[in-house]
Structures are given as C-alpha cells and as structure tokens.
Amino acid sequence: MREAIAFIARFGLAAVWLWSGGVKLANPLDSRQAIAAYELLPEGWIDFLATALPAGELVLGLMLLLGVFLRWAGAASAIILVGFILGIASAWARGLSIDCGCFGGGGYDAGAGPATYLKSMGRDALFLAMAAWTMWRPFERFALRP
C-alpha cells in the first residue's frame, strides 16, 4: 500500500507541476495578472515571479518525473505549496475577490468567495500531503537518482 501511495504522490505531483508550470509559462501575462491580484509583492517582483515560478514548477515536475533528488523536490514542493496556501488565505482574509491562478488565468474574480478559497486551499493541502509523502518515502523505482 505504501508503494502505491508513494507512486501516486511522486507522479501525481509531477503531473501537477508540469501542467501548472506549462500553462503559466505559455501565458506570462495571465501569470503576471494572477500574481499582481494578490497585492502582496512590490511591482518590481511581479514580473520576475511571473517567469521564475512557472520555470521552477517545470523543473520540479521534471525532477519528480525523472526521479532526480526526490526528497529535495518534495521539500521544495512543500515550501511552494505552503506559500500558495498562505497567499490564498491572505487574499481571502483581506476580502480580495480573485482567482488563484494556480492552473493559469487568475486575477480579479467577482464570483470568488469562501467556497472558492476553501476549494483551492484544500486542493493545495492535498498536493502538500503528496509532497510530504515524497520527502518521507519517495517512490524510487524508475528513478535516475541521486
């Protein structure tokens, strides 16, 4: 059973990062808009993060897919996901109406409300659990290593 969970955690998280990073990198203006909507960063950091975040997600996805530095990739994934959860919680607490931009799009969303934020945070919490499992018991079969 542990082997199956580890398999799902590693390859599921790889798919999440490859999908989200690819969509964001293909649409940099949407990524910029999504990051700006959180109203957390100075203007000068937004463009950098709109490029660096999707690139980092793609790198993590490839590391997990190929099986390179799995524990490190799990730890980096966990840190990023905690940041995402805190960002969404902050937007909710400050009364912002935004789409998280987690899988493309993002920005102002008049329909965003408690259910929207809880759904996004719950999904990210599931991904965080997958990252934690990958740190704790990585699925090493088919891994290039180290």
Side-chain angles (χ1 to χ4, degrees), residues 1-139 143:
M1 183 64 157
R2 287 182 182 173
E3 189 88 354
I5 294 170
F7 175 87
I8 291 167
R10 175 182 157 193
F11 290 109
L13 196 55
V16 165
W17 287 137
L18 291 171
W19 177 23
S20 68
V23 169
K24 291 174 190 169
L25 206 56
N27 301 296
L29 293 178
D30 287 351
S31 294
R32 186 191 190 296
Q33 177 179 311
I35 293 168
Y38 282 90
E39 300 176 9
L40 288 171
L41 299 172
E43 188 68 29
W45 280 82
I46 294 172
D47 287 330
F48 169 75
L49 197 57
T51 302
L53 182 61
E57 290 176 351
L58 287 173
V59 168
L60 286 172
L62 288 172
M63 289 174 69
L64 290 162
L65 184 66
L66 298 174
V68 179
F69 299 108
L70 288 171
R71 290 183 194 274
W72 186 91
S77 295
I79 291 167
I80 292 170
L81 288 161
V82 166
F84 287 171
I85 292 167
L86 291 174
I88 294 166
S90 170
W92 183 14
R94 290 179 293 131
L96 301 178
S97 293
I98 64 170
D99 177 315
C100 73
C102 301
F103 293 95
Y108 177 73
D109 179 5
T116 308
Y117 296 121
L118 286 172
K119 179 181 163 191
S120 294
M121 291 183 343
R123 180 195 58 228
D124 286 351
L126 173 64
F127 297 155
L128 178 59
M130 293 164 69
W133 192 280
T134 300
M135 285 187 320
W136 178 52
R137 290 191 177 266
F139 182 77

Closest heavy-atom pair and its distance - Ala110, Ser97: CA-CB, 4.5 Å

Residues two or more places apart in sequence or in another chain: which of them pass side-chain contact (heavy atoms from CB on, under 4.5 Å) with Arg123? Cys100, Cys102, Phe103, Ser120, Phe127

Which heavy atom in Pro54 sits nearest to a heavy atom in Leu25, and how many Å separate them? CB-N, 3.7 Å

Ile98 and Tyr117, any side-chain heavy atoms less than 4.5 Å apart: yes

Any chance you could measure Leu58, atom CG, to Met63, atom CE, to the nearest 0.5 Å? 13.0 Å

Give a yes or no answer on whether the side chain of Arg71 reaches the backbone of Thr134 with a donor-acceptor pair at less than 3.5 Å. no

Filter on side-chain hydrogen bond (donor to acceptor under 3.5 Å, both in side chains), then keep only pairs touching residues 6-19, sequence neighbours left out; what's left? Trp17-Ser77

Apply side-chain contact (heavy atoms from CB on, under 4.5 Å) to residues Trp72 and Leu60 and explain how you reach the verdict. CA-CA 9 Å; Trp72 186 91; Leu60 286 172; 3.9 Å; yes

Within the 4.5 Å heavy-atom criterion, are Arg2 and Trp133 side-chain neighbours or not? yes

Classify the ring geometry between Phe11 and Phe139 as parallel (under 30°), tilted (30 to 60°) or perpendicular (over 60°). perpendicular

Interatomic spacing from CG in Leu118 to CD1 in Ile88 - rounded to 0.5 Å: 10.5 Å

Applying side-chain contact (heavy atoms from CB on, under 4.5 Å), name anything that partners Leu40, two or more places apart in sequence or on another chain. Tyr38, Ser90, Arg94

Which atoms form the tightest heavy-atom contact between Leu70 and Ala143, and what is the distance? CD1-CB, 4.3 Å

Suppose the criterion is side-chain hydrogen bond (donor to acceptor under 3.5 Å, both in side chains): which pairs have a residue in residues 43-69, not counting sequence neighbours? Ser20-Glu57, Lys24-Glu57, Arg32-Glu43, Arg32-Asp47

Within the 4.5 Å heavy-atom criterion, are Leu29 and Gln33 side-chain neighbours or not? no

Set of residues satisfying side-chain contact (heavy atoms from CB on, under 4.5 Å) with respect to Leu62, sequence neighbours excluded: Leu18

Taking side-chain contact (heavy atoms from CB on, under 4.5 Å) as the test, write out the residues that go with Leu128, two or more places apart. Ala78, Leu81, Val82, Ile85

CG of Asp124 to CG of Leu86: how many Å apart, nearest 0.5 Å? 10.5 Å

Between Leu49 and Ile35, what is the shortest heavy-atom contact and its length? C-CD1, 3.7 Å

From CA spacing to verdict: side-chain contact (heavy atoms from CB on, under 4.5 Å), Phe84, Leu53: CA-CA 11 Å; Phe84 287 171; Leu53 182 61; 3.9 Å; yes

If every non-hydrogen atom of Ala34 is compared with every non-hydrogen atom of Gly105, which pair is closest and at what distance? CB-O, 3.4 Å

Spacing of CG belonging to Leu126 relative to CG belonging to Leu13, to within rounding of 0.5 Å: 9.5 Å

